[in-house]
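Below you'll find the structure, written out as structure tokens, and then a few comments.
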Amino acid sequence: MMNSDLKNVVKGWDRNTIASKIADDLPHASYVNLGIGMPEIVSQHIKEGREIIYHSENGLLGMGPTPNENEIDLDLINAGKKPVTILPGGSFCHHADSFSMIRGGHIDYCVLGAMEVSIKGDLANWSTGKGIPAVGGAMDLVAGAKNVFVMTQHITKEGKPKLVQNCTLPLTGAGVVSRVYSDYAVIDITKEGFKVIDMNENISIDYLQNITDGKVYL
Amino acid sequence: MMNSDLKNVVKGWDRNTIASKIADDLPHASYVNLGIGMPEIVSQHIKEGREIIYHSENGLLGMGPTPNENEIDLDLINAGKKPVTILPGGSFCHHADSFSMIRGGHIDYCVLGAMEVSIKGDLANWSTGKGIPAVGGAMDLVAGAKNVFVMTQHITKEGKPKLVQNCTLPLTGAGVVSRVYSDYAVIDITKEGFKVIDMNENISIDYLQNITDGKVYL
Amino acid sequence: MLINKIKAEISEMLSEIFDGATIMVGGFGEAGSPIELLHGLIDNGAKDLTIIANNAGNGRVGLGALIGQKQVRKVICSFARSAKGITFPELYNNNEIELEVVPQGTLAERIRAAGSGIPAFYTATAVGTPLAKGKEEKVFNNKKYILEEALYADFAFVKADVADRYGNLTFNKTARNFNPIMCMAAKQSLIQVKKIIEPDKTNPEHVITPGIFVHKIIKIDNPIIETNAIEEGMIYP
Amino acid sequence: MLINKIKAEISEMLSEIFDGATIMVGGFGEAGSPIELLHGLIDNGAKDLTIIANNAGNGRVGLGALIGQKQVRKVICSFARSAKGITFPELYNNNEIELEVVPQGTLAERIRAAGSGIPAFYTATAVGTPLAKGKEEKVFNNKKYILEEALYADFAFVKADVADRYGNLTFNKTARNFNPIMCMAAKQSLIQVKKIIEPDKTNPEHVITPGIFVHKIIKIDNPIIETNAIEEGMIYP
């Protein structure tokens, strides 16, 4: 279990470093859905020579970057309801067709935030159990995408681990997460536990174990 | 039961007369699917002042008449695979969307041929039980259209009734037929039996009963 | 006589609305949101409504305004939380409105199913989560799925871009979203459009919603822009 | 590096085909029928195939030719009878080929279901008929429905009109038919098109099959016209 003294002692990777690690793992020509919030910056870190096609739940394939102020079209928005653009080769479709792309297993990767990820790959990211329940497309994405990547801080603001033996919050999906990218490590979900495939250069495996509720191994 | 002596004794309505009776019962602005074969001529008998929109299973709404020889486009065909045209206001769609129109209850009327119609509204029109079984869209149409009209000869070439107490051939649908238009009568399927709502001027109700296997009433 | 689904007045559009009706409301965010029809529904005054939509309204405009008028008994949606939401949270926190949360893709598919004659289908979405509670579970190819039922509606409120008098519709960019499938699922679909064209100007290859799914159309060529209306503090009525 | 799904040779298109594969073949009648890909499959020689299509081929061209080569173990279709059918009836009457008859709408919906992550759905089509035999029955709103399962495929063979290098497709008139949904249902969809355009010439509002459902494309700008080929007595190979 975590020692609360460790909270924020060692500084982890910043968001752009995490995003860049994710971007490096998205192969050329893959179809990708980036969750609202932190995952959106992944698109800024794609290596030269790779073409990635971004999908947005609201019927947009081939999503481009944020428009300039004078190019904003309120009929061209993303799943976060923010103005976006469409790239050549993109297309529009209705919501059922858009979710056929997700639910039918056609999206190669989705990248989502997390409140908790369990050692079995369970994900909780839609509800704290309080307030107005709102799920959006998260449950469809984790059930349908070929690979579910989680981009998250390793510990909560309160200093609690987000990678846990068992999720305590309502699940978004059970056994759905393939890989977690945190500020301290890149971790695959395996039958043997949290397998560390990349670790922050400033920490030890013991440190990582200490901030993780569940067995980590190299 | 029918007396075989009666076979062909009284001449019934011809095809165009039957088609015209059906056409008169299709309200203005209705969406209609006409089965391959005899039902196709119904479209030639629509009264002036009514606009009917024809649907063809292979993704064509707003089907128009047969083209002239020099206007034939082999990519513009109907469910019978014959060249057709499209009228202004028509549209193309894929097969699942086209059958959503049928199966989702959006087609107001379909008109189909029959081998047998039972007093409960069961329809057999796809298989004699011999040869290569082939069903096409018939089962979807009878299950999905709001009103299923049957256009048929009252008796078979062998002189047997087509309106029967129980179908002997494989069903297309159970309890699906609304109304039958034969060369001798127009008959509604009701709980009480075959209700005659129009009868050939040259026959009596006894004659009609004699060529029908199941109670007819006025 | 020619088929003509175009109406002149919002009141004609809404003449068959009744208390207790289930109404689908198209749009995702404000893109494709039929604000003028919703305001017409406030004027109409029908109550005890069930609303099926992706969201639960922003500010006191459109769906937000309708909910604020307490005309809505229940909302079925994927995401009822919104930075600009005022009326739904108020009523929800006072237990004055019901909420059924449905994953967005399941919502879309349940709507399409209703329009396609499918009373229920199996899906992997929400398996193992609280939203699967009470739902029939079945295994296909060693994977668990739950049974989801079709979502039917009496009316669909839709905003499209262009229509002809047959009801053939096209939409603008991501304003398409739920609108086409809601037209399929409702007994009567009511469409506000920016532009009306002659049928011979409709390209049959480009129609998104064929006229068979459309019942009444009204031209609103300069619709309210929700973002601006909320910024300007608009309150309807 | 740019995404480019366009291939130069039919053999490249078919490089991953294997014996025992399930292949969806688009087209309704000859409209949208991928004859050149089917002839490529004859040259390829893969056998023991399951074909999912609406029909079972005409003459000794395209699907009719493939069946005549005895490369097909089973056909799943709605209508295997045809005035011009030669090879399927021959094999069928000799019990050399299997047939699964599926109502046309159920066939289309089972294909779409596979592409949409729906392993099974309920439908009213075929209830009370011999084609409902062995199928699970369930009542919704006092009406009987049967459970139909998704139809998956390893490959889809499709003929489209225009493509760009991303695989965005449009079709010509009723040549659309089963093609778009088959692209969704197959692990790999192989497309022959008449014309290839630059992506910036693709109108994103008019795309019928988005590139995500397309894997390989080949340009066949002057495809065989089945009707003419059969009239002229063409026999492939």
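Reminder, nothing fancy here: chain letters follow the sequence lines and each chain counts from 1.
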Does some side-chain heavy atom of [Y] sit less than 4.5 Å from a side-chain heavy atom of [X]?
{"X": "C:Y92", "Y": "A:P133", "answer": "yes"}
{"X": "C:E109", "Y": "A:F99", "answer": "no"}
{"X": "A:K81", "Y": "C:N55", "answer": "yes"}
{"X": "A:D73", "Y": "C:K173", "answer": "yes"}

Before giving the answer on side chain to side chain contact (heavy atoms under 4.5 Å, CB included), spell out for A:I132 and C:F88 the whole-Å C-alpha distance, their side-chain angles and the decisive distance to 0.1 Å. CA-CA 10 Å; A:I132 302 171; C:F88 182 84; 3.9 Å; yes
For [X], is it the side chain, the backbone, both, or neither that has a heavy atom closer than 4.5 Å to a heavy atom of chain A?
{"X": "C:P89", "answer": "both"}
{"X": "C:K159", "answer": "neither"}
{"X": "C:I225", "answer": "side chain"}
{"X": "C:T106", "answer": "both"}
{"X": "C:V127", "answer": "backbone"}

For [X], is the [atom1] atom crowded, meaning more than 12 foreign heavy atoms sit under 6.0 Å from it?
{"X": "C:N94", "atom1": "CG", "result": "yes"}
{"X": "A:N70", "atom1": "CG", "result": "yes"}
{"X": "A:E192", "atom1": "CD", "result": "yes"}
{"X": "A:K195", "atom1": "NZ", "result": "no"}

Quick one: of C:G105, C:A31, C:G29, who has the most non-hydrogen atom pairs under 4.5 Å with chain A?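 Of C:G105, C:A31, C:G29, C:G105 has the most heavy-atom pairs under 4.5 Å with chain A.
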Contact winner vs chain A - C:G32, C:A108, C:A56, heavy-atom pairs under 4.5 Å: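 Top option by heavy-atom pairs under 4.5 Å: C:A108.
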Determine the minimum heavy-atom distance between [X] and [Y], stating which atoms define it.
{"X": "C:F121", "Y": "A:R103", "value": "CE1-NH2, 3.7 Å"}
{"X": "A:T172", "Y": "C:T129", "value": "O-CG2, 3.3 Å"}
{"X": "C:A80", "Y": "A:A134", "value": "N-CB, 3.9 Å"}
{"X": "C:F79", "Y": "A:G136", "value": "CD1-N, 3.5 Å"}

Straight-line distance of [X] [atom1] to [Y] [atom2], nearest 0.5 Å:
{"X": "A:N58", "Y": "C:N54", "atom1": "CG", "atom2": "CG", "answer": "9.0 Å"}
{"X": "C:E30", "Y": "A:I77", "atom1": "CD", "atom2": "CD1", "answer": "7.0 Å"}
{"X": "A:H94", "Y": "C:M182", "atom1": "NE2", "atom2": "CE", "answer": "12.0 Å"}
{"X": "A:S127", "Y": "C:R81", "atom1": "OG", "atom2": "CZ", "answer": "7.5 Å"}
{"X": "A:D140", "Y": "C:T123", "atom1": "CG", "atom2": "OG1", "answer": "7.0 Å"}

Parallel, tilted or perpendicular: which fits the ring planes of C:F28 and A:H95, with parallel below 30° and perpendicular above 60°?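 Tilted, since the angle between the ring planes falls between 30° and 60°.
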Counting only non-hydrogen atoms closer than 4.5 Å, does A:I102 touch chain C with its backbone (N, CA, C, O), its side chain (CB onward), both, or neither?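 Contact with chain C: none, neither part.
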Is it the side chain or the backbone of A:S91 that comes within 4.5 Å of chain C heavy atoms, both, or neither?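 No part of A:S91 comes within 4.5 Å of chain C.
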Output the option from [options] having the highest count of non-hydrogen pairs under 4.5 Å with chain C.
{"options": "A:L74, A:L60, A:I86, A:L141", "result": "A:L74"}
{"options": "A:D122, A:V176, A:V135", "result": "A:V135"}
{"options": "A:G137, A:S100, A:A124", "result": "A:G137"}

Under 3.5 Å: donor-acceptor pair, side chain of C:T125, backbone of A:A143: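 Flag not set: sc C:T125 to bb A:A143 has no pair under 3.5 Å.
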